[in-house]
Structure formats: structure tokens, C-alpha cells
Number of protein chains: 2
Amino acid sequence: MEVSAVFEVLALPARQAIVERLREGPATVGELAGALGLSQPLASKHLRVLRDCGFVSVRADAQRRWYELRPEPLREVDRWLEPYRWMWEERLDRLGDRLDAMARHEDEEE
Amino acid sequence: MEVSAVFEVLALPARQAIVERLREGPATVGELAGALGLSQPLASKHLRVLRDCGFVSVRADAQRRWYELRPEPLREVDRWLEPYRWMWEERLDRLGDRLDAMARHEDEEE
DNA sequence: ATGGTATATAACTGAGGGGGTATGCAATGG
DNA sequence: CCATTGCATACCCCCTCAGTTATATACCAT
């Protein structure tokens, strides 16, 4: 799974909200739609995208569909982030490398 | 800065590639366009978006514009990810909380 | 059977944005 | 000065995709 696809999924606030809501535990389509102010078809469509990207798994219970968050896509983001962490994490080694970077950061943004 | 805006920026492979390229150090528009196979106007447009989101800062040097990667937006992603890390990080505490989650994960995806 | 509930999907529409081409503009080097 | 380089922006087209409405399907209750 391409990490840019993961970013694309999270780029929409609605889908991001679904992911955040599912952190509390599994939920049905109706619950998600109600909690987030989405129409039922729209919630289903977003969940379809999330499902295709591995963000959620589904479990059938009568007519209900219980959606549950899965770790893998977010873990991919975490891995993708790894080579950038030196930029903000304080570490005693590599300190020298950061000094000139800090010097360049003296002029702030617009 | 909204984190979904950060995700939206990274959703495009071209912009993600620019970010990855800038990890090696500052670069000019022409260098980025050449290295990534983008037209110059397109590179400028993407860099404009990256700039508006705080991903990069610019430094003028004659006609050249040196773009440099800034940590803040990626750091925001890192922070956003924090409450999800328990899902894949192995920790001796909280182990009990994860057992039922593992049990639910026994049925695999499609 | 029948009506109601829960969800998925199809068809449609509108807007946003990526990408191209053309142009403007500043700074440089003869 | 004048041509060139480096970059930004304006304008345009087109395609994708979010969101709506309507419908199909499956399951439950009585």
C-alpha cells in the first residue's frame, strides 16, 4: 500500500473524523453517520474507501456492520515519518549536525 | 494549521517527492523540477502550496530561490499519530488492554 | 407475508484542483 | 543596454471525487 494513498484517505476531515471516532472502539455505519453528521450513503462510501485502504475491518451482525480500526496504514505513516524525526527530536548525539540548522532557522516565517 | 491540510499536501506523490528530496538539503526550483520530472511552473505551484502550509521556507539568492524543509508540519503528523501508537507498539504495561483487541483480530481481511 | 431497519450501491451533479501553455518580472552577465 | 536565466503567476482545460437522491438487498419483528 502506497503511503501517499494513506495520506489521501486522511486528507478529508470526514474520513479523519471516522478514524478518530473508531479509536474509541468499533462502531456501526449509523452510529458513525449520526455522530459525525454524515448522510448514511456518504458514511458508507467513506468506509468503503477506508476499507479498501486497510484502515478498517468489518464484522457482520444481522443487518449491522461493525467497523473496527486496524493499525497497519497508520503504522505506515509512522514508519514514513522516521527519517524526519531528527529534525525535532532532541538527541545528544547528532547535536553538532543541528547547530547550523538552528542558525539558519533564526529568520522566522512570514 | 489543521492536520488534515498537512495530509492533503502529502496526498500528492509529486509534493511528497519534493519533501523527500528536501531531506537531503535545500534546493532551488530548477533542481527540484529537474530531479522529479516536473515542469518549472508546476514545481513552483507545488512549492507555493508547501510554503503556505509551512513545509518549506524560502531564501532568495539572486534569481535563485533556495527552498528548505521545515519540521513543524511533519511534527504535527507525529503528534497526531501519538494516540494510535498503542495499536502497534509493544509495551509491557497496557498489555492486558491489548489481549481482547488481538482476539478480535483473529478473523483476517477479505 | 409485511413492514421496518440497516447498509450498500448506482446514477448524477458541481466544484476543486492538477497540469499545461503563455507571459510577466527581477536579476545577471556581457 | 540587451539577451538570458530563474522563477512566479494568470489563464485555461479536464478529470476526479465528494455529496445528494433514489433504489436494491438483507435481516429482523410481528
d([atom1], [X]; [atom2], [N]) in whole Å:
{"X": "A:Ile18", "N": "C:dT7", "atom1": "CD1", "atom2": "P", "answer": "13 Å"}
{"X": "A:Arg15", "N": "D:dG19", "atom1": "CZ", "atom2": "C1'", "answer": "12 Å"}
{"X": "B:Arg51", "N": "D:dC7", "atom1": "CZ", "atom2": "P", "answer": "14 Å"}

Checklist entry - For the side chain of A:Glu82 and the backbone of A:Arg79, is there at least one donor-acceptor N/O pair under 3.5 Å apart? => result no
Nearest to the side chain of [X], which nucleotide is it out of [options]?
{"X": "B:Leu12", "options": "D:dC7, C:dT7, C:dG19", "value": "C:dG19"}
{"X": "A:Arg65", "options": "D:dA18, D:dA8, C:dA8", "value": "C:dA8"}
{"X": "B:Arg48", "options": "C:dA27, D:dT9, D:dC27", "value": "D:dT9"}
{"X": "B:Gln63", "options": "C:dG4, C:dA27, D:dA8", "value": "C:dA27"}

Checklist entry - What distance do B:Arg75 atom CZ and A:Leu81 atom CG have between them, rounded to the nearest 0.5 Å? => result 11.5 Å
Checklist entry - How long is the gap from SG on B:Cys53 to CZ on B:Arg70, to the nearest 0.5 Å? => result 14.0 Å
Checklist entry - Going by number, which of residues 31-46 of chain A have a non-hydrogen atom under 4.0 Å from DNA chain C? => result A:Gln40, A:Pro41, A:Ser44
Next on the checklist: Do B:Glu31 and B:Trp66 pair up side chain to side chain, a donor and an acceptor below 3.5 Å, judged on atom types alone?
Outcome noted: no
Checklist entry - Any side-chain donor-acceptor pair under 3.5 Å between A:Ser44 and A:Gln40? => result yes
Phosphate OP1/OP2 of [N] contacted by [X] side-chain N/O (<4.0 Å):
{"X": "B:Thr28", "N": "D:dG6", "answer": "no"}
{"X": "B:Arg64", "N": "C:dA26", "answer": "no"}
{"X": "A:Tyr67", "N": "C:dA8", "answer": "yes"}

Next on the checklist: Both conditions, 6.0 Å and 45 degrees, for the charged tip of A:Arg23 above the ring of B:Tyr84: are they met here?
Outcome noted: yes
